[in-house]
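Structure first, commentary second.
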Amino acid sequence: MYDRIGKYKILSVLGEGGMGTVYLGQHEILGRLDAIKVMRREFSDNAEFRRRFLREAKATALLRHPNIIQIYDIDVHRGDDGEEFYYISMDFVSPDGERGRSLQDVMNESNQRPLSHEKIEKFFAQLCGALAHAHSKGVLHCDIKPANVLLDDEGNVKLSDFGLVKMIDTTLLESTIGAGNTYLGDAGRAKSVEGSFLYMPPEVQEGGEWTKAGDIYSLGVVMYHLLTGKRPVGRW
């Protein structure tokens, strides 16, 4: 683990994803605790992966909504040993100020029992607002699932991890995050299947493109899961 990244003193590891590791860092001037996402070393010299990593940050930085993770900065860390890598600093969302907590954690702790209707109604309203805002800015999420919905200290939700983000009317990123399966289309051309398979709309599972409707479908599956304690199809 790094001792320092840019202007941040690194305190702990919060988690790992397909493209990077997320650390808890304290800004050396402001004293603020932020989440610091660092590109994996094996990807740092790859121009295509750098482009994807930067695109996630730029797309998320377009969004200003109380139920979406806020991006603060993106920069390049240059170590004394000559190592260089990109990092993104963002809002650290935590109910206790020490560790992150997602809807997936809540569901795991409840042994997959349905949550209360009052909580679900609150979460659903907030996520609908977040998604509507992202779509109004031309940004698709493409990976909505309980693990990507974080809870803050007031019990509000924040949509996170736009790692598969797609700008509407542009080409979908082929990301290492997600199912990693492929589908051979009618033309015999392999297409990347992005996101978490059981939350994908059927057309994407079959190799089609993400659209606004796909994000809405994924959100619907999340809400169904919260209401019933199970997904509409597939295994737990």
Side-chain angles (χ1 to χ4, degrees), residues 1-2 4-17 20-38 56-57 59-75 87-134 137 139 141 143-163 165 177 196 199 215 218-219 221-223 225-227 229:
M1 187 178 76
Y2 298 100
R4 181 171 296 275
I5 296 174
K7 296 179 180 179
Y8 290 91
K9 177 183 178 182
I10 301 303
L11 305 178
S12 64
V13 176
L14 294 175
E16 296 191 30
T21 302
V22 182
Y23 299 93
L24 177 62
Q26 184 172 34
H27 196 283
E28 64 183 6
I29 298 174
L30 301 177
R32 183 183 63 204
L33 294 179
D34 292 341
I36 313 300
K37 187 171 184 178
V38 175
E56 174 187 348
T60 311
L62 292 173
L63 308 177
R64 293 287 190 276
H65 190 276
N67 300 114
I68 294 178
I69 289 287
Q70 179 64 60
I71 294 290
Y72 294 129
D73 196 11
I74 182 167
D75 206 344
Y87 69 91
I88 304 170
S89 63
M90 64 189 80
D91 189 18
F92 172 51
V93 180
S94 169
D96 60 8
E98 296 182 2
R99 60 185 63 84
R101 181 174 167 82
S102 71
L103 280 186
Q104 187 63 60
D105 294 325
V106 173
M107 295 164 70
N108 291 343
E109 292 163 6
S110 69
N111 294 319
Q112 302 296 349
R113 291 191 299 272
L115 302 183
S116 72
H117 285 197
E118 292 77 15
K119 283 187 178 180
I120 295 172
E121 181 179 358
K122 175 182 177 180
F123 295 160
F124 187 52
Q126 291 181 348
L127 288 172
C128 282
L131 194 56
H133 175 72
K137 300 297 183 182
V139 176
H141 188 282
D143 195 23
I144 296 173
K145 59 185 179 182
N148 285 341
V149 179
L150 302 181
L151 292 165
D152 68 13
D153 57 349
E154 296 181 353
N156 297 310
V157 295
K158 288 183 181 285
L159 187 57
S160 71
D161 203 344
F162 283 72
V165 70
I177 304 173
S196 296
Y199 293 93
D215 272 353
S218 296
L219 179 56
V221 176
V222 171
M223 291 302 107
H225 199 171
L226 293 176
L227 282 165

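- Listed for the Asn67 side chain is a donor-acceptor partner under 3.5 Å among the backbone atoms of Val157.
- Each of Lys7, Arg4, Lys9 was compared with Glu28 under the side chain to side chain donor-acceptor pair (under 3.5 Å) criterion, and only Arg4 meets it.
- No side-chain donor-acceptor contact under 3.5 Å links Ser102 to the backbone of Asn148.
- Atom-to-atom distance recorded for Met90:CE and Asp73:CG is 11.0 Å, nearest 0.5 angstrom.
- Tyr2 is linked by a side-chain hydrogen bond (donor to acceptor under 3.5 Å, both in side chains) to Arg41, Glu83, counting only residues two or more places apart in sequence or in another chain.
- Nearest heavy atom pair, residue Leu150 against residue Ser160, reads CG-OG, 3.8 Å.
- The distance from the CG atom of Asp96 to the CG atom of Leu151 is 11.5 Å, given to the nearest 0.5 Å.
- Counting only heavy atoms from C-beta outward, the side chains of His65 and Lys137 never approach each other to under 4.5 Å.
- Under the 3.5 Å distance criterion, the side-chain polar atoms of Ser218 are matched with a main-chain donor or acceptor of Tyr199.
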Practice prompt. Under the side-chain contact (heavy atoms from CB on, under 4.5 Å) rule, what do Ile10 and Leu24 come out as? Steps first, then yes or no, please.
Written response: CA-CA 6 Å; Ile10 301 303; Leu24 177 62; over 6 Å; no
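- A 4.5 Å side-chain heavy-atom check between Phe123 and Val222 finds every atom pair outside the cut-off.
- Here the side chain of His141 pairs a donor or acceptor atom with the backbone of Asp161 at under 3.5 angstrom.
- Asp34 CG to Gln26 CD: the interatomic distance, rounded to the nearest 0.5 Å, is 9.5 Å.
- Formation of a donor-acceptor pair under 3.5 Å by the Asp91 side chain with backbone atoms of Val93 is not found in this model.
- Nearest heavy atom pair, residue Gly155 against residue Lys122, reads O-NZ, 3.3 Å.
- The closest side-chain heavy-atom distance from Lys145 to Gln104 is not below 4.5 Å.
- The residue from Asp215, Leu127, Val221 that alone fulfils the side-chain contact (heavy atoms from CB on, under 4.5 Å) condition with Ile144 is Asp215.
- Counting non-hydrogen atoms of neighbouring residues, nucleotides and ligands closer than 6.0 angstrom, the CZ atom of Phe124 reaches no more than 12 such neighbours.
- Using a 4.5 Å heavy-atom threshold, the side chains of Lys158 and Gln126 count as separate.
- For the ring pair (Phe, Tyr, Trp, His ring centres under 6.0 Å) test, residues two or more places apart in sequence or in another chain that qualify with Tyr8 are His27.
- Counting only distance, with no hydrogens or angles, the side chain of Thr21 and the backbone of Glu16 share no donor-acceptor pair below 3.5 Å.
- The CD1 atom of Ile74 sits 9.0 Å away from atom OG of Ser89, with the distance rounded to the nearest 0.5 Å.
- Summarising the geometry, atom CD1 belonging to Ile5 is positioned 11.5 Å from atom CG belonging to Asp75; distances are rounded to the nearest 0.5 Å.
- Put simply, CG on Leu14 and NZ on Lys37 are 12.0 Å apart, with the number rounded to the nearest 0.5 Å.
- Here the side chains of Leu11 and Leu33 are in contact, with some heavy-atom distance below 4.5 Å.
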